[in-house]
2 protein chains.
Amino acid sequence: MDKEKRTEISNLGEFGLIDMISEDIKTNHSSSIKGIGDDAAVIGEGDDLRVVTTDLLLEGVHFDLSFTPLKHLGFKAVAVNVSDVAAMNAIPTQVTVGIGLSSRFSVEAVKELYEGIKLAATHYNVDIVGGDTTSSRAGLVISITAIGEVKKSAISYRSGAKVNDIICATGDLGAAFIGLQILEREKQVFLSNPNMQPDLEKYPYITGRQLKPDARMDIIHEFKEMGLVPTSMIDVSDGLASELFHICKASDVGVAIYEDKLPIDKQTFDTAVELNLDPITCVLNGGEDYELLFTINQDDFKKLEKHPDIHFIGHVTEKDSGKYLVTKSGTAVELKAQGWVHF
Amino acid sequence: MDKEKRTEISNLGEFGLIDMISEDIKTNHSSSIKGIGDDAAVIGEGDDLRVVTTDLLLEGVHFDLSFTPLKHLGFKAVAVNVSDVAAMNAIPTQVTVGIGLSSRFSVEAVKELYEGIKLAATHYNVDIVGGDTTSSRAGLVISITAIGEVKKSAISYRSGAKVNDIICATGDLGAAFIGLQILEREKQVFLSNPNMQPDLEKYPYITGRQLKPDARMDIIHEFKEMGLVPTSMIDVSDGLASELFHICKASDVGVAIYEDKLPIDKQTFDTAVELNLDPITCVLNGGEDYELLFTINQDDFKKLEKHPDIHFIGHVTEKDSGKYLVTKSGTAVELKAQGWVHF
């Protein structure tokens, strides 16, 4: 290493750093069907394959224990991994759980955290098959790896979107981000005046979306029942715009989405306005919604047309057409993506 | 959670905590062949199975960056997981890599860490198929999950040891622990007088064992070639005594090992004496050797008898006979195990 040169990670950004790390990584084993570059890796032989995904959750970066109940945190740690399995159109089957605990944690606190983990394991029908428990000098560390099962022909990669496919999103978007703003605002109020109780009852939906997201396995099971395989899929963890960029890059296509089609909950919208935030920006860049963003062939539209919780937000275009949001007034605005900006 | 009760984790200890966490965890899927309680979980259907294992490495607990080169650390992070795969008598095939980086890390430092990870991936022939890169408020966090392949009939569980089996250990033990003592001593010398350069050249073997352990995949490949399946196996990460306890508990047996059979390197022995440490205690409780401890049926002894790097250290006894070390003078001393004591 050239000791004299120092490049800050912030100069590269998240995606630049990941590109640098992965540039010369190749796979060797025939069982490594899909490596880096999707929501989960795909491994196995023949038609019955497995997906594998790992997520790290670090105190002070991904969660703030001053307003995050440990039980919810345990649930969320499993849910975000299940969401990555779902994004491959796979069914989760096992998880391993790595936990780093600082000495300020009591046995009762660990129990509380594990109750959430076990609740999620039951909810998503995954087996906890292993893990690692260690001490931490540096706050709570949670590392979960989830494994899922999928038929080779049923996998939805990010790379399968085709021109004229319909872009779909489940649920509503932006709520988890707005919920986080409320939680952080109420924390500041509490810190400056500990006699003030946090005013969270006013915002049950959006704070719930932040604290206890639910992976959309319901949708994956429905796909299975109706025999539908999305041409591409990703979960919305970094924000809609960022996820659309991933699909465009992997599929070598462009996208057009429509402002008036974007799913936004009323409490999310009203609270964004209350906080002087643009609701559409929250939908595009909010993140942590853990909804599914996917594309379908137009022939499959009939199957989903009447689904109460799937929204048709745009369509796939030629790569050269770029990535655009068409506003309510009909103006096409170029989309911008951002990864995390923690550094 | 009862807010009034607070039990310190140190009251339970590592194994007590893990017992508490895992007590009501059950598996549901037929593909969950083996859950918590071995070096790795076993999943799959039919005869071709997969093992999965996760290890967390946290700065300040598992490594000290003031004397750990990042490249070695990257290598070690993969090696310790491969060692868990080896302990199941499986061949590693894939890893996922989760990294939490604090802002004091430069891009060059991340490259250095990844060079070590990639070097280990090449060395053990495993594909890096995924991961998660994030920022950390709290020092470097490395979480690696390794996946391996094994035939159902070739798996060595901790639970298969039978009375009269021979207990075997690879390589030598205690070196990594003594190496760590030297590294920490030289760090203190350096801190109290920064003009003093660390005196590490005197101890190349033991410091190397601490900084760059090598998982014993060579042994696993030899087993495969000679058609030998150990009746039980575990890797030596916490110390020989602790690993023997795991085998005894899982197999419902006792053990007798012999002081004069314990493999200890000369530099380890001499340095232990120099540091006023009992060499045998270092072998029994040192940890981080990443050698293999296994048992074989007496009928397989001929196959390994002349192996230059496998040592026959004792035999399996009835459970009621207990767990004993027979000293050079012929005295039987009851073994004591300890997990980590980081809390």
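Note on naming: letters A, B, ... go to the chains in the order of the sequence lines (proteins, then strands), and numbering restarts at 1 for each one.
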Can you say whether B/Leu58 sits under 4.5 Å from chain A via the side chain, the backbone, both, or neither, judging by heavy atoms? side chain

Hey, what do you get for CD1 (A/Ile147) to CD1 (B/Ile147), rounding to the nearest 0.5 Å? 5.5 Å

Does B/Leu17 reach the side chain of A/Leu101, with side-chain heavy atoms less than 4.5 Å apart? yes

Under 4.5 Å heavy-atom distance to chain B, tell me which part of A/Tyr114 shows up: side chain, backbone, both or neither. side chain

From B/Leu57 atom CG to A/Ser143 atom OG, the distance as rounded to the nearest 0.5 Å: 11.0 Å

Please confirm whether the backbone N or O of B/Thr7 pairs with a side-chain atom of A/Glu108, one donor and one acceptor, at under 3.5 Å? yes

Counting only non-hydrogen atoms closer than 4.5 Å, can you tell me which residues of residues 36-52 of chain A sit against chain B? A/Ile36, A/Ala41, A/Ile43, A/Gly44, A/Glu45, A/Arg50, A/Val52

What distance separates A/Ile9 CD1 from B/Ser103 OG, expressed to the nearest 0.5 Å? 8.0 Å

Under 4.5 Å from any heavy atom of chain B - which part of A/Gln94: side chain

Contact winner vs chain A - B/Ile99, B/Asn28, B/Thr96, heavy-atom pairs under 4.5 Å: B/Asn28

Between the main-chain N or O of A/Val61 and the side-chain N or O of B/Arg137, is there a donor-acceptor pair closer than 3.5 Å? no

Taking atom types as modelled, is there a side-chain donor on A/Ser31 or B/Glu149 under 3.5 Å from an acceptor on the other? yes

Identify each donor-acceptor pair in which a side-chain atom of residues 115-123 of chain B lies under 3.5 Å from a protein atom, sequence neighbours left out, and give them as a table.
from	atom 1	to	atom 2	distance (Å)
B/Lys118	NZ	A/Ile21	O	2.9
B/Lys118	NZ	A/Asp24	OD1	2.5
B/Thr122	OG1	B/Lys118	O	3.0
B/His123	NE2	B/Asp214	OD1	3.2

Please look at B/Val97 and chain A and tell me whether the side chain, the backbone, both or neither of the residue comes under 4.5 angstrom of a heavy atom of that chain. neither

Just so I understand: if I count every heavy-atom pair under 4.5 Å between each of A/Leu113, A/Asp55, A/Asn11, A/Leu12 and chain B, which residue has the most? A/Asp55

What residue, out of B/Lys111, B/Glu59, B/Lys34, B/Lys71, has the most heavy-atom pairs lying under 4.5 Å from chain A? B/Lys111

Any sub-3.5 Å donor-acceptor pair from B/His29's side-chain atoms to A/Asn125's backbone N or O? yes

So, B/Asp127 and A/Ser32: side-chain donor and acceptor under 3.5 Å apart, yes or no? yes

Between the NE2 atom in A/His62 and the OG atom in B/Ser135, the distance rounded to the nearest 0.5 Å is 6.5 Å

Please identify which of these residues, A/Ile142, A/Asp132, A/Thr133, meets the side chain to side chain contact (heavy atoms under 4.5 Å, CB included) condition with B/Leu56. A/Asp132

What part of A/Lys26 gets closer than 4.5 Å to chain B, counting heavy atoms only: side chain, backbone, both or neither? backbone

